[in-house]
Amino acid sequence: MKPVWMVRSRQIAQKLSFWLTLIGYDPHDHSLRHRIYLIYASVFMSIWAFAMLSLATGGTATMLTALGTGSVNQIAAQISLLIFVIWFIYQLWQVSRRSPFIFSEEDAYLICRTPVKRNIVALNWFLGDWFSQAWPFWAIGMVFGSALVESQLGEKISSSDVFQYVISGFRALSVFFLLQVGLLALLWALGALRLQGNREWRWLPRLVLIGFLLTMGFLVCSIKVPELIKLSASVWQALFWPLHYPLQAAFSLHPWINGMLVALGIAIVGLVALAIASKDLNLSRAAQESTQREKLQTAQRYGMVDLVREIKQRNRLGIGRDPTRLPARPGLWVLPWKDILQSRYEIGLGQIWNWLGLLAICIGVLLSPDFASRILIFFFWLIAMGQHTTSRLRADLTNWWLLRSMPFHAKRLLLGELAIPWSLTVAMGWLAIILGGEGLGTSRLSMILLIPPVCLILSLISAYDVLRQSNTGMLLNGNVPGISWLAILGGMLCLALPAGITWLLSQFRWIGTSLAFATSLVLAYGAWRIAATKYRSIS
């Protein structure tokens, strides 16, 4: 036990020191001045966390009240249940395919080849990796618990109500804490069963996928056949009761102590199951499946995102694949075709989630209740747009020597690099207008017409900003800068002109839209020329 914990505790301390380094604190400096700085940094981060909690609490209270399908407490419990179920299904799919125990190459030699008790190793590794998945649930519990108090008090809030916020937040936090521990331990127990001896459960991922598809199919059929909902209601209630009851208790729908006892029972069952299932854990197999992931996590922790993406792409490509069919058309068409092929092998849950995040931001701009919140969300939209539209250009700039040798003019090359990301951002904007543009009224068609040139302006300005910060030395080393404040400020200034024209000529809607469309094209052409000139002048 002690040798295993000695190795694991140092890894945990190393991860903690990484986060302390981000705020400028050196754990190896024991001077008095540095200790005082730690106190200052702790106070500052506490104030910042409290401010973020207050902001999130207000937005969550507004959302819970706006849903209006029942009591606020019941809505919070249902949303929390949905979050836990979605997270559990995703983690179940992960542990059915790969080891939840992540070992480095050093761990493979120091731990996995020694005759230590396997369940001791499993529990120590669970403790070390548990926090990284636990803190989002803590935050959700605190925010939802505080939002209930704010929705009940409304505008009649005084300093004496702070204790109600604290009590309600920690009431939800305590239940979320135990539930997340128990569910994660059960998932790791399943992962340990898959790694028993030399057996490999190849059927397990297929079984999980079949179960998920059958469940989704049943839910879809229930929409068309309402009688199925009545027949299956008792089954679903019994299945989700161990989760739903403590979550309802966390939001004062049941006695809190009863919900805590149920959540505590789930946590104990999960930890005991993990200890039993990992007695015959094959640590060598776990190390073989996880050493590469440990390298990726370390690289991602230190900000080497491009390296992580490149390694993941190589892993997806693998070896022994058939040659990819090349397009028959020569010339600039090769660049969009290359992007399509790369996207085919890079596509995954992370990429899909990023594009769904952009869609959510677009919908948020349309649905924001006031001008101030709309400007704030629009600011985040500019950042997301710049990152998405320049992702392929930045990936190709890591191979600068190859990109520079291509027989394409700079103007055509930029269009080829931005074509696919620009098309996707335009599609996200159109989809956002379809889903959340009811409030636009007759202006919806004008917005649909203006989105393509607007996205083109932002794409070219963001590309110019990346090229402006680049030099040959950086690119040859694979270091490509991201977008900076210039892309955000330039995008806001360029969009202000067509937006102002549309607003001034709002009484003559089609004239204003046509003039704004033409102005956007002129601005896009100017940004295209400037970006191409900067690409040619990289030295």
Side-chain angles (χ1 to χ4, degrees), residues 8 11 15 81-104 107-108 111-112 117-137 176-216 239-240 242-243 263 266-298 300 312 315-316 348-350 352-353:
R8 192 56 176 162
Q11 293 178 352
K15 293 181 181 179
L81 176 64
L82 181 63
I83 292 172
F84 270 100
V85 170
I86 293 175
W87 169 79
F88 184 85
I89 292 174
Y90 172 72
Q91 293 295 327
L92 178 63
W93 170 251
Q94 294 293 329
V95 300
S96 66
R97 297 164 52 243
R98 61 187 188 184
S99 168
F101 309 93
I102 301 178
F103 296 101
S104 64
D107 298 331
I111 301 295
C112 299
K117 290 185 177 181
R118 271 39 185 167
N119 52 1
I120 297 297
V121 175
L123 292 174
N124 278 277
W125 252 250
F126 173 81
L127 178 63
D129 291 341
W130 154 75
F131 175 77
S132 61
Q133 299 191 45
W135 69 265
F137 290 92
F176 276 57
F177 176 89
L178 293 175
L179 282 180
Q180 195 270 339
V181 169
L183 293 177
L184 187 63
L186 288 173
L187 290 167
W188 279 48
L190 180 62
L193 288 176
R194 191 184 68 85
L195 296 170
Q196 297 286 324
N198 295 321
R199 295 174 298 172
E200 187 171 0
W201 294 359
R202 296 183 179 274
W203 49 267
L204 185 58
R206 300 185 182 94
L207 181 63
V208 173
L209 183 60
I210 291 173
F212 175 73
L213 293 177
L214 289 176
T215 303
M216 294 301 298
L239 182 63
F240 291 118
L243 282 179
I266 293 175
I268 293 175
V269 169
L271 293 173
V272 172
L274 177 59
I276 295 174
S278 58
K279 281 187 176 180
D280 297 324
L281 176 64
N282 191 330
L283 296 180
S284 298
R285 283 184 55 198
Q288 291 173 0
E289 293 183 5
S290 60
T291 50
Q292 187 72 4
R293 288 164 52 206
E294 193 275 336
K295 294 179 182 178
L296 290 175
Q297 290 183 1
T298 303
Q300 196 165 14
K312 286 183 177 180
N315 291 339
R316 288 192 184 98
L349 185 61
I352 296 174
W353 183 257

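By the ring pair (Phe, Tyr, Trp, His ring centres under 6.0 Å) test, Phe137 is found to be paired with Phe84, Trp87, residues two or more places apart in sequence or in another chain being considered.
Between Leu184 and Trp188 the shortest side-chain heavy-atom distance falls below 4.5 Å. Between Leu186 and Leu190, the closest side-chain pair of non-hydrogen atoms is not below 4.5 Å. At least one side-chain heavy atom of Leu187 sits under 4.5 Å from a side-chain heavy atom of Leu92.
Remark: Phe88 CZ to Leu243 CG distance equals 8.0 Å, nearest 0.5 Å. The CH2 atom of Trp130 sits 7.0 Å away from the CG atom of Leu127 when rounded to the nearest 0.5 Å. In this structure, OG in Ser96 is found 10.5 Å from CD in Gln91, a value given to the nearest 0.5 Å. With values rounded to the nearest 0.5 angstrom, Arg194 atom CZ is found 10.5 Å from Leu281 atom CG.
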Side-chain donor-acceptor distances from residues 270-278 under 3.5 Å, at least two apart:
from: Ser278; atom 1: OG; to: Leu274; atom 2: O; distance (Å): 2.6
from: Ser278; atom 1: OG; to: Ala275; atom 2: O; distance (Å): 3.4

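Closest approach of Val95 to Pro100, counting heavy atoms only: CG1-CB, 4.1 Å. Minimum interatomic distance between Arg118 and Lys279 (heavy atoms only, all atoms of both residues): CB-O, 3.5 Å.
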